[in-house]
Protein chains: 2
Amino acid sequence: MASRKPRPTQSGRVTLSEIAERVGTSSITVSRVLNAPHLVSEELRTQIESVIAELGYMPNRAARALARARSESVAVLIPSLSNTVFTQLLEGVRDVLHAAGYRTLIGDTRYSPEEEESLLRAYLEHSPDGILITGFDQTNATRDLLQRSRVPVVHMMEMTDADMYSVGLEQFDAGLAITRHLLERGYRSIGFLGAQLDPRVMERLAGYRAALHEAGLNYPVGEILDPTPSSIGLGATLLGRLLEQAPHTDALFCCNDDLALGVLFECQRRGIPVPGKLAVAGFNDLAAAAWVHPTLTTVATPRYEIGHTAASMLLQLMNGETPVPAKKDVGFSLIVREST
Amino acid sequence: MASRKPRPTQSGRVTLSEIAERVGTSSITVSRVLNAPHLVSEELRTQIESVIAELGYMPNRAARALARARSESVAVLIPSLSNTVFTQLLEGVRDVLHAAGYRTLIGDTRYSPEEEESLLRAYLEHSPDGILITGFDQTNATRDLLQRSRVPVVHMMEMTDADMYSVGLEQFDAGLAITRHLLERGYRSIGFLGAQLDPRVMERLAGYRAALHEAGLNYPVGEILDPTPSSIGLGATLLGRLLEQAPHTDALFCCNDDLALGVLFECQRRGIPVPGKLAVAGFNDLAAAAWVHPTLTTVATPRYEIGHTAASMLLQLMNGETPVPAKKDVGFSLIVREST
DNA sequence: CTGTTAGCGCATTCAG
DNA sequence: CTGAATGCGCTAACAG
């Protein structure tokens, strides 16, 4: 009767039931050896284990995910892979999640909320068990997708008042702190160099302005804002722009260390003494900051810890627990070096 | 008769058959709208499409992968995520593979063949349709896994004589070229700073030695090899070691720009004129090289292009085509700047 | 402790 | 152009 052609054996890979057949048992028992070995008798277990080893059996995650409605994967969305700030964060994430048996699906949004939305849409098809996402600057559609997916989400890098799980630091306070430091050092014409202009940079800018304001100052001519991605080269360029626009600037807060390094290099090239003629501060405390000449004053941000903590919080959520507190502030520290 | 409790509806997500039911058709037709829309009548199609949009249907990749025995994902194994050399390579990979509808599973091996093996084992469970891997320094077990999986593989970064698909450059030749450049500039006591000591560094070292040899020279006292991961700080440290061990060194080839930058900074600190007293060359042409003072002579390596080309080659293999040639040499270029 | 039954969501095969 | 039947590989639920 049945005249249909069977599909060719698909993957060619060894399956649970092939192992079962070899041993003379059922596939569910083999499955148990893998997932709950204490439920299988010593004898059968060792027998099955040896066949598994012999045949080089390798479980099929797609089948498991389908049957269990859990993928054991986590989507991680960061703005950029070529910025070590985020790759260090990823290391913290990876260390926690891999130890717990999860895979990470890494997505680079290129600092674009639209790209983030599109990546999220793609990754949701994989039914991630959890999501780590950078900041709070999501499109409405992204927020909607997150909500309707009912997948636990932890936001990284910033703090918020909203009712969301998050691990980060107060970017505003950090901008405030480093600007206050410059004020304490006696600088008065303090400029600001900003690039990329993502939400964290804008918060630092707001902190900078607030610090000037509380000192009874303001210095709008010293603010250079450029939406281009940050780079050392851009730092050099923007210094040029600043010196034309506000030649009397005596100190400069750069929104990140890349810009600050570019500024330092350009100062060397132009023979501008740092900090004698111009003090320079950065943000993030990248590896070069401690070695460049003069060494760079900056704000150290605990990226690894953010990733680690956020991933731990997500683990709790994926286990059905409720992390307390829901928001963790990992803080920052002012690193005063030679450049100021 | 049937008294078993049905499983609770698993994911809660909208499925093909729910959409089919709403429209009054079968799930296979809905599937066709997604995968082969030209096979469905205009009328049914628009009707189905609107229900898909209305319900926010999202395909389940696990189910699709299981049914098609294809995951539409590619595993990418690189030594380090915190080295921009590899993140730029990943950008090339990503641009090609995402455009072709593939997801990338990124694995950071920490320069360890054993870690690489363990990651590969984990990722093979996802049935990747292809694999991109760095270099040729795999464990025997890794080679075996790759072979038996029958998944297409492309190796990145280096060249080989073996019969494998690969995209890279002759690390030996690059080391040779930059050392020849130093020789042409008249330097004779040319040292070598190496860290990490991965296969690519060792090839560059071999190229360096060959160049000295063909000039009738050798300078073993000027070779500093340290298995520690590269960093700017390590460059500074190793310079100190070199100056003790071989104070008459007049030029230095650092196995990468991180070390070279550390050397340059430390020279500034110690008041050693570059290139007056010591010429310095790096490798990779990282962003800082063109801006540091003095600007750094180095070898530019086309990382993005390697990733892009390797991914394109892998696409061909996954489509059942045979890439010709099987090995692509993307070359390198000597960038001569102020430091030599 | 072990096995049977059923089904996860989708796509291939073949028959209309 | 559309649909029914079937199975991908695995595991939850239940019954022995």
Side-chain angles (χ1 to χ4, degrees), chain A residues 1-21 23-48 52 55 57-72 124-127 129, chain B residues 1-21 23-48 52 55 57-72 124-127 129:
Chain A
M1 264 251 47
S3 69
R4 285 213 183 69
K5 215 179 285 173
R7 289 193 227 184
T9 302
Q10 302 249 121
S11 51
R13 252 162 63 173
V14 182
T15 67
L16 280 189
S17 56
E18 291 179 56
I19 293 181
E21 206 170 354
V23 177
T25 179
S26 70
S27 58
I28 184 64
T29 303
V30 181
S31 170
R32 284 197 186 105
V33 169
L34 266 47
N35 298 305
H38 59 283
L39 294 180
V40 180
S41 70
E42 174 84 30
E43 195 192 333
L44 245 186
R45 177 155 35 100
T46 54
Q47 209 184 139
I48 290 173
I52 283 178
L55 266 51
Y57 170 75
M58 194 166 273
N60 180 323
R61 305 292 285 204
R64 169 183 291 201
L66 193 58
R68 298 218 296 204
R70 294 189 45 218
S71 65
E72 296 183 283
L124 281 177
E125 299 187 350
H126 290 263
S127 318
D129 298 336
Chain B
M1 264 248 41
S3 70
R4 285 214 183 70
K5 216 179 285 174
R7 290 195 226 184
T9 302
Q10 302 248 120
S11 51
R13 252 162 64 172
V14 182
T15 68
L16 280 187
S17 55
E18 291 179 59
I19 293 181
E21 206 171 353
V23 178
T25 179
S26 71
S27 59
I28 183 60
T29 302
V30 180
S31 170
R32 284 197 187 106
V33 169
L34 266 45
N35 299 305
H38 59 283
L39 295 179
V40 180
S41 70
E42 175 84 30
E43 196 190 335
L44 245 185
R45 176 155 34 100
T46 54
Q47 208 182 141
I48 290 174
I52 283 179
L55 266 50
Y57 169 76
M58 194 165 274
N60 180 324
R61 304 294 284 207
R64 167 184 293 202
L66 193 57
R68 298 218 295 203
R70 293 190 45 218
S71 65
E72 296 183 282
L124 281 177
E125 299 187 349
H126 290 264
S127 319
D129 298 336

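Going from atom CZ of A:Arg45 over to atom P of C:dC1 covers 9 Å, rounded to whole Å. Between the CG atom of B:Asn60 and the C1' atom of D:dG9 there is a distance of 14 Å, rounded to whole Å. Put simply, CZ on A:Arg13 is 9 Å from P on D:dG9, counting in whole angstrom units. For the pair B:Leu66 CG and D:dC10 P, the computed distance is 9 Å after rounding to whole Å. Rounded to whole Å, the distance from CD1 on B:Ile19 to P on D:dG3 is 15 Å. Computed from coordinates, the B:Gln47 CD to D:dC1 C1' distance equals 15 Å when rounded to whole Å. Between the CZ atom of A:Arg61 and the P atom of D:dT11 there is a distance of 10 Å, given to the nearest Å. Taking atom CG of A:Leu39 as the reference point, atom C1' of C:dT2 lies 10 Å away to the nearest angstrom.
Between A:Arg64 and B:Glu125 there is no salt bridge, since no side-chain N of the basic residue sits under 4.0 Å from a carboxylate O of the acidic one.
Screening residues 28-42 of chain B for salt bridge (Lys or Arg N to Asp or Glu O under 4.0 Å) gives B:Glu42-B:Arg45 as the qualifying pairs, with residues at least two apart or on separate chains.
Under the salt bridge (charged side-chain N to carboxylate O under 4.0 Å, His left out) criterion, A:Glu21 pairs with no residue at all, not counting sequence neighbours. Partners of B:Ser17 by side-chain hydrogen bond (donor to acceptor under 3.5 Å, both in side chains), not counting sequence neighbours, listed by chain and number: B:Thr15. Partners of A:Ser26 by side-chain hydrogen bond (donor to acceptor under 3.5 Å, both in side chains), not counting sequence neighbours, listed by chain and number: A:Thr29. For A:Ser27, there are no side-chain hydrogen bond (donor to acceptor under 3.5 Å, both in side chains) partners, not counting sequence neighbours.
When each of B:Val30, B:Ile48, B:Ile19 is paired with B:Tyr57, the side chain to side chain contact (heavy atoms under 4.5 Å, CB included) condition holds for B:Ile19 and for no other.
Among the nucleotides D:dG7, D:dG9, C:dG3, the one closest to any side-chain atom of B:Ala67 is D:dG7. Each of C:dT2, C:dC10, D:dT11 was ranked by its minimum atom distance to the side chain of B:Thr15; first place goes to C:dC10. Among the nucleotides D:dT2, C:dT12, D:dT11, the one closest to the side chain of B:Arg68 is C:dT12.
At the phosphate of C:dG9, neither OP1 nor OP2 sits under 4.0 Å from any side-chain N or O atom of B:Ser27. An OP1 or OP2 oxygen of D:dG9 is reached within less than 4.0 angstrom by no side-chain nitrogen or oxygen of A:Tyr57. Between C:dT2 and A:Ser41, a contact under 4.0 Å exists linking OP1 or OP2 to a side-chain N or O.
Listed for the B:Ser71 side chain is a donor-acceptor partner under 3.5 Å among the backbone atoms of B:Ser127.
Counting non-hydrogen atoms under 4.0 angstrom, A:Thr25 reaches the backbone sugars and phosphates but no base. Within the 4.0 angstrom heavy-atom criterion, base atoms lie near A:Ile28.
Within residues 29-37 of chain A, the residues that have a heavy atom under 4.0 Å from DNA chain C are, in order of number, A:Thr29, A:Arg32.
Contact between A:Val14 and A:Leu55 at its shortest, heavy atoms only, is CG2-O, 3.6 Å. In this structure, A:Leu66 and B:Ala63 approach most closely via the heavy-atom pair CD1-CB, 3.7 Å.
For the helix from C:dC1-D:dG16 to C:dG16-D:dC1, the end axes, each set by the C1' atoms of five terminal pairs, are bent relative to each other by 30° (nearest 10°).
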